[in-house]
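Below: one structure, written as structure tokens.
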Amino acid sequence: MNPRTPSHGTRRRLLSALALSPLALGATAFAAPTPEDKLRAAVDGPQRSAANRARDGARHPYETLAFFGLRPDAQVIEIAPGGGWYTEILAAYLSPKGRLYAAHEPAEGSPGQQRARKAFADKLVADPATYGRVVLGTLPVERFTDIHPPGGADAVLTFRNIHNWISDGHFDETLRAFFAVLKPGGVLGVEEHRALPGTSLSQVIASGYVPQDFVVDRARAAGFRLAAISEINANPRDTHDHARGVWSLPPTLRGGEVDRAKYLAIGESDRMTLRFVKPAR
């Protein structure tokens, strides 16, 4: 046998190794990232500020957004994004195939609202690579005025806002606006400070905590179906009875140094996390 010619057994081993090589595997070895991989990359990405990342242990962004069932090609409306805590993640996750719409304070609102909107708009302009596809619009009361995703939104997401709409007296109207802007089968994702059952409306307004069954009842009245409940943002250390309501807790710590150590030990509020669906026709 020619010493340069591999034996039959050797050739078989070489062929087996070649079949398992990255070149032979092609697309299998370099498969596109899954939606879960892309979401994890957005949560861990460098576009997020250190201060926002420090709150991940309390806010569970990966688990929360995964629970809402978002796809990277979805049209998503983020309600009242504030300084952009979730925007940093959503904009990266939905680029380049999806679209994020940010429903912020009105441009002609109070001085405080105008400052908040401008700070958010400046954040978007400062990082076009991350936020170049974000559409900045206005919070709805009875309807969306400048946010109209083609064919309807796949998801509307609200994080810790419902107590404000109850206090302002337009929670039901705002829910109906969400229902109208979603496509059939679209998702309403809710995260909200959770009150103890039986909490009165006056206590809700004073404390910022909302009973979960109240949210479910009002969403159903607006036409939504409750699809799932998650306890990912539950906090059993939260007693719900703080002197300055939910704002006693971090990150607000409205009491300053008064009982600061106690509130830091409690952590962020006990929160409901709910997924509603607009029924298909």
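In what follows, residues are counted from 1 in the order of the sequence shown. Computed from a prediction, not measured in an experiment: that's the story for all the values here.
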* Spacing of L90 atom CG and L70 atom CG [to the nearest 0.5 Å] -> 6.5 Å

* Asked: Do P149 and R99 come close enough that some side-chain heavy atom pair is under 4.5 Å?
  -> no

* Asked: Quick one: which of F224, W165, F276, F171 gives a ring-ring contact (aromatic ring centres under 6.0 Å, His included) with F178?
  -> W165

* Where do R53 and E88 land on the salt bridge (Lys or Arg N to Asp or Glu O under 4.0 Å) test, with the steps shown first? -> CA-CA 10 Å; R53 290 172 63 93; E88 290 182 353; over 6 Å; no

* Asked: Any chain of hydrophobic side-chain contacts (each under 4.5 Å) joining V258 to W247?
  -> no

* To do: Ignoring hydrogens and angles, state whether a donor on the side chain of H170 or E142 is under 3.5 Å from an acceptor on the partner side chain.
  => no

* Contact summary for I229 and Q212, nearest pair of heavy atoms -> CD1-NE2, 3.7 Å

* Between the side chain of K38 and the main-chain N/O of A92, is any donor-acceptor distance below 3.5 Å? -> yes

* List the atom of S269, the atom of R271, and the distance in Å for their closest heavy-atom pair. => O-NH1, 2.8 Å

* Heavy-atom distance under 4.5 Å between the side chains of P33 and R40, does that happen here? -> no

* Just one of T199, D241, D238 clears the side-chain hydrogen bond (donor to acceptor under 3.5 Å, both in side chains) bar with Y209, so which one? -> D238

* Asked: Step by step, would you call T273 with F68 a side-chain contact (heavy atoms from CB on, under 4.5 Å)?
  -> CA-CA 9 Å; T273 309; F68 292 150; 4.0 Å; yes

* Asked: Donor-acceptor pair, S95 side chain versus A91 backbone, under 3.5 Å?
  -> no

* To do: Rounded to the nearest 0.5 Å, what's the gap from CZ on R143 to OG1 on T174? Could you check?
  => 13.0 Å

* Hey, what do you get for NE2 (H104) to CD (Q113), rounding to the nearest 0.5 Å? -> 10.0 Å

* Are V141 and L136 linked, directly or through other ILVMFWY residues, by side chains that come within less than 4.5 angstrom of each other? -> no

* Structure fact -> dist Y131:OH -> F120:CZ (nearest 0.5 Å) comes out at 8.0 Å

* Hey, quick one: are V216 and L182 part of the same hydrophobic cluster, counting side-chain heavy atoms closer than 4.5 Å, chains of contacts allowed? -> yes

* Checking R237 side chain against A265 main chain: does a donor-acceptor pair fall under 3.5 Å? -> yes

* Shortest non-hydrogen contact between I89 and P61, atoms and distance -> CD1-CB, 3.5 Å

* List the steps, then state whether salt bridge (Lys or Arg N to Asp or Glu O under 4.0 Å) holds for K118 with D122. => CA-CA 6 Å; K118 183 179 185 305; D122 290 345; 2.9 Å; yes

* Test item: E78 side-chain N/O and L100 main-chain N/O as donor-acceptor pair under 3.5 Å -> no

* Structure fact -> Looking only at heavy atoms, the pair that brings E105 and A116 closest together is CG-CB, 4.4 Å

* To do: Verify whether one side chain among Q47 and D127 offers a donor that lies under 3.5 Å from an acceptor in the other.
  => no

* To do: Go through the steps for D56 and R48 under the test side-chain contact (heavy atoms from CB on, under 4.5 Å), then give the verdict.
  => CA-CA 11 Å; D56 285 1; R48 300 189 64 209; 2.8 Å; yes

* **Minimal non-hydrogen separation, I79 against F144, with atom names** => CD1-CZ, 3.9 Å

* Asked: Among M272, E268, H163, which one satisfies side-chain contact (heavy atoms from CB on, under 4.5 Å) with H193?
  -> H163

* To do: Please work out whether the ring planes of H242 and Y263 are parallel, tilted or perpendicular, with thresholds of 30° and 60°.
  => perpendicular

* Should R220 and L226 count as side-chain neighbours, where that means a heavy-atom distance under 4.5 Å? -> yes

* To do: Could you go through the side-chain contact (heavy atoms from CB on, under 4.5 Å) check for L157 and Y86 one step at a time?
  => CA-CA 10 Å; L157 306 181; Y86 262 104; over 6 Å; no

* What distance do F67 atom CZ and L274 atom CG have between them, rounded to the nearest 0.5 Å? -> 7.0 Å

* Determine, for W85 and R59, whether the Lys NZ or Arg CZ falls below 6.0 Å from the six-membered ring centre while staying within 45 degrees of the axis. => yes

* To do: State, without any angle test, whether N164 and S167 hold a side-chain donor-acceptor pair at a distance under 3.5 Å.
  => no

* Short question: side chain of R194, backbone of A234 - any donor-acceptor pair under 3.5 Å? -> no

* **Non-hydrogen side-chain atoms of S230 and R275 separated by less than 4.5 Å** => no

* Under 3.5 Å donor-acceptor, Y93 side chain and L65 backbone -> no

* **ILVMFWY network linking I162 to V187, side-chain heavy atoms under 4.5 angstrom** => no

* Asked: Do any N or O atoms from the side chain of K278 and from the backbone of F179 form a donor-acceptor pair under 3.5 angstrom?
  -> yes

* Answer whether the closest heavy-atom distance between the side chains of E191 and R160 falls below 4.5 Å. => yes

* Single-linkage hydrophobic cluster, 4.5 Å side-chain cutoff, V215 and V156 together -> yes

* Heavy-atom donor-acceptor pair, D154 side chain to Q75 backbone, under 3.5 Å -> yes

* Take R117 and Q114 through the side-chain contact (heavy atoms from CB on, under 4.5 Å) test and state the conclusion after the steps. => CA-CA 5 Å; R117 184 180 176 111; Q114 291 181 42; 5.9 Å; no

* To do: Report the distance from atom CG of N235 to atom NE2 of H240, rounding to the nearest 0.5 Å.
  => 8.0 Å

* To do: Compare every heavy atom of N233 with every heavy atom of A58, then report the nearest pair and how far apart it is.
  => O-OD1, 3.9 Å

